[in-house]
Amino acid sequence: MLHTRTTAAERRRDLRTKLASGRLLRVPGALNPLSAKLIEDTGFDACYLSGAVLAADLGLPDIGLTTSTEIAARAQQFTRVTGLPALIDADTGFGEPMNAARTVQLMEDAGLAGLHLEDQVNPKRCGHLDGKAVVEREEMARRLRAAADARRDPDFLLMARTDARSVEGLDAAIDRARAYVDAGADAIFPEALRGEAEFAAFRDAVDVPLLANMTEFGKSPLLGAATLERLGYNIALYPVTLLRLAMGAVEDGLRTLAADGTQEALLPRMQPRSRLYELLGYDQYAAFDSSVHDFTLPPGD
Ligand SMILES: C[C@](O)(C(=O)O)[C@H](CC(=O)O)C(=O)O
Ligand SMILES: [Mg+2]
């Protein structure tokens, strides 16, 4: 009820253990705390809080407009209701290396299991768009050293994302990744790789856990879990999948409602009240005090 019983420390250890297992973790991006509960219920390994989704949720583009305190406050609403480890997209760290350090502490306090910082300049943009620019390698290394040093729980995962593939080419991106590991990154997120061979080259070159960003409508092919596992990747990320699915359904539904003047035709596509109540744990609230709470549903709801 109300919140998960799992502590942040337990979730961080859980993520570390899963990463050490060598198997591929499947990590969808949650679109709100309720969907994070569904990600847990359907058996995924962890959940992701995407910068693109957090911004879109506020009706904003993903260009670094959100602030670290804003996303930390939102993140806490997710971590409170799921026992799954959650990894957050901390963009560029929201400023100078000192800001990246503060961001790490805010995300630790929000109960997250880890974050990733990227090497783009501010203002950043989606990693799958053209026209990106990256900071000097040493500048990003400073960002990472500050972040690693600020961490109070050594199990909090510090992942470095490099956007350099599209800007400087694959070899430079690999060199950066190695430098970022030396600066304290526990894992690497190579952004916008072009094909399976590039994913394989990255795996050969870097020893730490690797994340494969399987975002839709981007520059990377949508490699299946079996392929990513064979390539030796540790995390398959589906960052914006739920938002895209939900918004597709919402838009279709609105058009149908406007055209038909009733939602009758939409009922088979809806999550029924009973499933929503199950996810929210209404029965536990009823058991807490049945004299106050009685949420028995009529059959068929
Ligand atoms: C992973 C990502 O950083 C995100 O914010 O979810 C985005 C995803 C997207 O815009 O498709 C990115 O790849 O830059
Ligand atoms: Mg992002």
Side-chain angles (χ1 to χ4, degrees), residues 25-32 35-36 39 44 46-68 70-72 74-75 78 86-95 100 103 107 112-135 140 143 147 157-167 173 177 180 185 187-195 198-199 202 209-223 228 233-248:
L25 312 184
R26 301 173 190 205
V27 183
L31 69 111
N32 55 22
S35 69
I39 290 170
F44 286 88
C47 77
Y48 179 66
L49 301 190
S50 144
V53 172
L54 291 167
D57 192 42
L58 298 171
L60 296 173
D62 181 22
I63 54 173
L65 293 172
T66 51
T67 65
S68 56
E70 195 173 34
I71 68 164
R74 179 66 170 147
F78 290 73
L87 176 73
I88 196 164
D89 176 356
D91 286 353
T92 59
F94 305 100
T103 296
M107 301 309 155
L112 291 153
L115 58 70
H116 64 77
L117 290 173
E118 69 200 33
D119 57 7
Q120 285 199 56
V121 297
N122 281 310
K124 53 104 359 110
R125 55 175 63 200
C126 163
H128 292 260
L129 295 183
D130 293 328
K132 287 191 295 186
V134 288
V135 296
M140 177 62 175
R143 223 176 248 179
L157 191 82
L158 177 59
M159 181 183 285
R161 161 170 150 179
T162 178
D163 281 69
R165 161 64 185 90
S166 311
V167 187
Y180 299 166
I188 296 289
F189 174 167
E191 177 66 310
L193 299 184
R194 297 305 157 93
E198 292 198 1
F199 281 88
F202 236 95
L210 281 177
L211 176 150
N213 180 8
M214 294 293 103
T215 196
E216 302 85 6
F217 317 116
K219 295 204 188 292
S220 303
L222 296 181
L223 302 175
L228 289 172
Y233 272 70
N234 305 81
I235 296 179
L237 185 72
Y238 312 102
V240 195
T241 307
L242 297 197
L243 180 84
R244 296 192 218 282
L245 275 172
M247 290 306 286

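What you see below is based on every heavy atom in this structure, not just the backbone, and it leaves out hydrogens, waters and symmetry mates. Index from 1, following the sequence. Every number for a ligand or one of its atoms is a count from 1 in the order of the listing. It should be emphasised that the depicted structure is a prediction, and the values quoted were computed from it without experimental measurement.
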Does any N, O or S atom of D89, backbone or side chain, fall under 2.8 Å from the Mg ion (ligand 2)? yes
Carboxylate-amine/guanidinium contact D130 K219, below 4.0 Å: yes
Looking at side-chain heavy atoms only, is the closest gap between L115 and T103 below 4.5 Å? yes
For atom 5 (O) of ligand 1, which candidate among A55, P239, A52 holds the nearest heavy atom? A52
For G127, the atoms of ligand 1 under 4.0 Å from one of its heavy atoms are 12 (C), 14 (O)
Salt bridge present between K124 and D163 (N-O < 4.0 angstrom): no
Kindly identify the option in K219, R161, E191 whose heavy atom sits closest to atom 3 (O) of ligand 1. R161
Angle between ring planes, H116 versus Y48, binned at 30° and 60°: parallel, tilted or perpendicular? parallel
Under a 4.5 Å cut-off applied to non-hydrogen side-chain atoms, are V135 and R143 in contact? yes
From H128, E191, R244, residue fulfilling side-chain hydrogen bond (donor to acceptor under 3.5 Å, both in side chains) relative to T215: R244
Could you list the atoms of ligand 1 found under 4.0 angstrom from a heavy atom of R244? 11 (O)
What I want to know is whether R125 and ligand 1 share at least one N or O pair that is separated by under 3.5 angstrom. no
Among F217, Y48, Y238, closest by heavy atom to atom 1 (C) of ligand 1 is Y48
Closest to atom 10 (O) of ligand 1 among protein heavy atoms sits C126 SG, 3.1 Å
Ligand 1 atoms in contact with T215 (distance to a heavy atom under 4.0 Å): 8 (C), 9 (C), 11 (O)
So which bit of V53 gets within less than 4.0 Å of ligand 1, heavy atoms only: side chain, backbone, both or neither? neither
For H128, the atoms of ligand 1 under 4.0 Å from one of its heavy atoms are 13 (O)
Identity and separation of the nearest protein heavy atom to atom 6 (O) of ligand 1: S50 OG, 2.6 Å
